[in-house]
There are 2 protein chains.
Amino acid sequence: MLQKRTPARKPLAPETLLEDVFVNLLRTADALARGAEVLLKSTGLSSAQYNVLRILRGAGSEGLACSEIACRMISRDPDMTRLLDRMESRGLIARARGKEDRRVVKTCITTEGLRVLEKLDAPVRDLHHRQLHHLPAKQLQQLSRLLERARSNGESSCSPD
Amino acid sequence: MLQKRTPARKPLAPETLLEDVFVNLLRTADALARGAEVLLKSTGLSSAQYNVLRILRGAGSEGLACSEIACRMISRDPDMTRLLDRMESRGLIARARGKEDRRVVKTCITTEGLRVLEKLDAPVRDLHHRQLHHLPAKQLQQLSRLLERARSNGESSCSPD
DNA sequence: TGACAATAGTCGTTATAACGATTAATACTG
DNA sequence: CAGTATTAATCGTTATAACGACTATTGTCA
């Protein structure tokens, strides 16, 4: 484990290493996200809307508060209200004031929302496969683990899906 | 190298592995990008504008065509014209029609743009350090390499900075 | 050379994002 | 139990992004 096996793939530039990681992360994320947006465009969903639907499907039938959705999202949206407004007007979600705490608004996915989501499940799996299948499973796990570590610094983690 | 040393950090779910990578990539990128936006907010630059300035500083003094900038950007912007409009009106860049091919518009960074950029150099390095210093160099290199591989599928690579 | 296609960039319009201030309901505190 | 702070969500406004259609310049080829 400690034998000198660094393959010197890059000249080990210590100054630009952090920046390389930063840029590569953003570039790769943008490339993957763009693929997803192309796929979603046919349904008229933005990736934020798709993400909300996924979160609501994963949550129980009792629904989630606005702020809970916001904090579970992949890319945080500062104005959940109007994002949900648009989804409600398309019939994808339903909202209702909470009974106990009348400040909160519980949001649920509708059957229409579920239907739209289900039609996307296979294409999305397929997309991920096309995007990432050229990496062996071991490297995918390594990557996933490193990514989690990378953001383990300053992020308030909400309870996962 | 082939001895059974998988530490079983995760139950090796083969179905959700691709999705995990996808979500972790987007989440981590968002976390890092948000830090950068906070830093840039004091200067009034968006991250796209900052990225353009970096690209133009890296390019020679002869400037770059609109489309060249677009294709080197981290997150592609579909409307370079108005992005550059705003930067020009703030005096950060200068534009001029090409002499040989009068279709192209060459864009250069101004001394004002360079000044703004230089004031950000140290804070940005510092930010990257704060965001990522908890990972040892070896893991950072691994991560960088895996990210490059991950997007080596469907992306048209422009000449790097 | 003259028609047609390709390329570079611009612009009109609509929808969305971003920022801050605001309202409403609940929790705390003396 | 009144006053203040906190929390949840909404709204007004401005700027930006997204999507096409459009103009101008250059290349291609019969």
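For clarity, every value in this text was computed on a predicted model and none was experimentally measured. Below, chains carry the letters A, B, ... as their sequence lines are ordered, and counting in each starts from 1.
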Rounded to whole angstroms, how far apart are CG on B/Asn51 and P on D/dA17? 12 Å
Output the rounded distance in Å from CZ (A/Arg76) to P (C/dC19). 15 Å
Rounded to whole Å, CG of B/Asp30 lies from P of C/dA17 at a distance of 13 Å
Salt bridge A/Asp85-A/Arg95, side-chain N to carboxylate O under 4.0 Å: yes
Which comes earlier along DNA chain D counting from the 5' end, the contact point of B/Arg102 or that of B/Arg86, where each point is its nearest nucleotide? B/Arg86
Any side-chain heavy atom of A/Gln142 within less than 4.5 Å of one from A/Arg145? yes
Please compare A/Pro78 and A/Glu100 by the position of their nearest nucleotide in DNA chain C and report the one closer to 5'. A/Pro78
OP1 or OP2 of C/dT7 under 4.0 Å from side-chain N/O of B/Ser67: no
Is any side-chain nitrogen or oxygen of A/Arg95 closer than 4.0 Å to OP1 or OP2 of D/dT10? yes
A/Arg27/A/Asp30 salt bridge by N-O under 4.0 Å criterion: no
State the OG1-CD distance between A/Thr107 and A/Glu88, to the nearest 0.5 angstrom. 8.0 Å
In whole Å, I'd like the distance from the CZ atom of B/Arg34 to the P atom of C/dA18. 11 Å
Euclidean distance, atom CE of residue B/Met80 to atom C1' of C/dT7 [Å, nearest integer]: 17 Å
Can a donor-acceptor pair be found between the side chains of A/Arg151 and B/Asn24 at a distance below 3.5 Å? yes
Looking at B/Arg103 and D/dG27, is any side-chain donor or acceptor paired with a base atom of the opposite kind under 3.5 Å? no
To the nearest angstrom, the CZ-P distance between B/Arg82 and D/dC22 comes to 15 Å
Touch class at under 4.0 angstrom, heavy-atom based, for B/Asp79 against every strand present: base
Quick one: A/Leu84 CG to C/dA17 C1', roughly how many Å, whole number? 15 Å
Quick check on DNA chain D: between A/Lys41 and A/Asp101, whose nearest nucleotide comes earlier from the 5' end? A/Asp101
Between C1' on C/dG9 and CG on B/Leu64, what's the gap in Å once rounded to a whole number? 15 Å
By nearest-nucleotide position on DNA chain C, the 5'-leaning member of B/Asp85 and B/Glu37 is B/Asp85
